Amino acid sequence: MEAVNQALFLQINATPTLPHWLIVMGLVIANELIFAAPLMLVGMWLASGDERREVALRATLVALIALGINQLIGMAWYHPRPFVIGLGHTFLPHAPDSSFPSDHVTVLSALSSTFLYNRQRLLGMLALGIAIAVAWARVFVGVHYPFDVLGAGCVGWLAYVSTAPLWRRAGTPLSRRLVAAYRKLLASPIARGWLRT
């Protein structure tokens, strides 16, 4: 499996002979597109009704749990990044921590899973598209293997599925409390119409 992983990595990984603009595009996607995640969540919270706020809260918690799973995997099993073993070309400076799974793709996968399972099709497809682009870019610029990003997709989905029973019991009451706190703390901008009630 490792030989397949490395062979796929070398097929996707950029080389210095590629056009500069393509490498820059890969770096932007690999590094900057992750900021779409908090923008989507904050946008859902501030501009939506209570039902979508509950989905935003759930997506946030699923992403945090998924990142916690990643940390446990990294502590239990160290998998060196490609540049640590001198494989391919690296265009993005990165700490030599464990490569598996990708945190970036895990967060986006957690969001897309939560959105799609909760009838937020447009946002879910957007998050999935961004996740696929980031997954490609992280391999392209040399900081992850293909199996790292595939594994991240699985972790994000697994975090959603594994937390579903707990959310069914406690999610709606938690959301109601947070919405009530939001309305109390930001009563003034809500009253002025700057924020949605």
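Because the structure is a prediction, the values reported are computed rather than measured.
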> Taking only residues at least two apart or on different chains, which pairs with a member in residues 163-173 satisfy salt bridge (charged side-chain N to carboxylate O under 4.0 Å, His left out)?
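Checked against salt bridge (charged side-chain N to carboxylate O under 4.0 Å, His left out) - neighbours excluded - no pair reaches residues 163-173.
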> Under the side-chain hydrogen bond (donor to acceptor under 3.5 Å, both in side chains) definition, can you give me all pairs with a residue in residues 22-33, not counting sequence neighbours?
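For residues 22-33: none.
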> Measuring from Phe147:CZ to Leu8:CG, what's the distance to the nearest 0.5 Å?
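Here the rounded value is 6.0 Å.
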> Considering only residues two or more places apart or on different chains, which pairs with a residue in residues 107-128 satisfy salt bridge (charged side-chain N to carboxylate O under 4.0 Å, His left out)?
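Only Glu51-Arg119 qualify under salt bridge (charged side-chain N to carboxylate O under 4.0 Å, His left out).
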> Any side-chain donor-acceptor pair under 3.5 Å between Arg192 and Ser188?
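There is such a pair (donor and acceptor under 3.5 Å, judged by atom type) between the side chains of Arg192 and Ser188.
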> Taking atom NE2 of His104 and atom CZ of Phe35, what is their separation to the nearest 0.5 Å?
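Reported value, rounded in 0.5 Å steps: 7.5 Å.
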> Please tell me if the side chains of Val62 and Ser113 come closer than 4.5 Å, counting only heavy atoms from C-beta onward.
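No. Closest side-chain heavy atoms not under 4.5 Å.
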> How many angstroms lie between atom CG of Leu61 and atom CG of Leu166, to the nearest 0.5 angstrom?
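Rounded to the nearest 0.5 Å, the CG-CG separation comes out at 9.0 Å.
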> Sequence neighbours left out, what passes side-chain contact (heavy atoms from CB on, under 4.5 Å) with Leu178? Give chain and number order.
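Partners of Leu178 by the side-chain contact (heavy atoms from CB on, under 4.5 Å) criterion, ordered by chain and then number, come out as Trp45, Leu57, Leu174.
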> Given a cutoff of under 4.5 Å between side-chain heavy atoms of I, L, V, M, F, W and Y, with clusters grown through shared members, what are the other residues clustered with Val24?
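For the cluster that includes Val24, the remaining residues are Val28.
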> Is there any salt bridge (charged side-chain N to carboxylate O under 4.0 Å, His left out) pair reaching into residues 131-152, and which pairs are they, with sequence neighbours excluded?
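Applying salt bridge (charged side-chain N to carboxylate O under 4.0 Å, His left out) to every pair that reaches into residues 131-152, excluding sequence neighbours, yields nothing.
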> My understanding is that a hydrophobic cluster links ILVMFWY residues whose side chain heavy atoms are under 4.5 Å apart, including indirect links. Using that, what else belongs to the cluster containing Met75?
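So far as hydrophobic clustering goes, Met75 is joined with Leu72.
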> Tell me every residue that passes side-chain contact (heavy atoms from CB on, under 4.5 Å) with Ala137, counting only those two or more places apart in sequence or in another chain.
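Expected list: Ile29, Ala30.
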> Under the side-chain hydrogen bond (donor to acceptor under 3.5 Å, both in side chains) rule, what pairs show up with a residue in residues 59-77, not counting sequence neighbours?
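Checked against side-chain hydrogen bond (donor to acceptor under 3.5 Å, both in side chains) - neighbours excluded - the pairs reaching residues 59-77 are Asn70-Asp103, Asn70-Thr106.
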> Using the side-chain hydrogen bond (donor to acceptor under 3.5 Å, both in side chains) rule, collect all pairs that involve residues 82-96, keeping only residues at least two apart or in two chains.
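For residues 82-96, and leaving out neighbouring residues, the side-chain hydrogen bond (donor to acceptor under 3.5 Å, both in side chains) pairs sorted by first residue read Arg81-His94.
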> Using the side-chain contact (heavy atoms from CB on, under 4.5 Å) criterion, which residues pair with Ala63? Sequence neighbours excluded.
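Listed in chain order: Val107, Ala110, Leu111.
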> Taking distance alone, no hydrogens or angles, what donor-acceptor pairs closer than 3.5 Å link side-chain atoms of residues 156-165 to residues at least two apart or in another chain?
{"residue": "Trp157", "atom": "NE1", "partner": "Tyr117", "partner atom": "OH", "Å": "2.9"}
{"residue": "Tyr160", "atom": "OH", "partner": "Arg58", "partner atom": "NH2", "Å": "3.3"}
{"residue": "Tyr160", "atom": "OH", "partner": "Asn118", "partner atom": "ND2", "Å": "3.3"}
{"residue": "Ser162", "atom": "OG", "partner": "Leu158", "partner atom": "O", "Å": "2.9"}
{"residue": "Ser162", "atom": "OG", "partner": "Ala159", "partner atom": "O", "Å": "3.3"}
{"residue": "Thr163", "atom": "OG1", "partner": "Ala159", "partner atom": "O", "Å": "2.8"}
{"residue": "Thr163", "atom": "OG1", "partner": "Tyr160", "partner atom": "O", "Å": "3.1"}

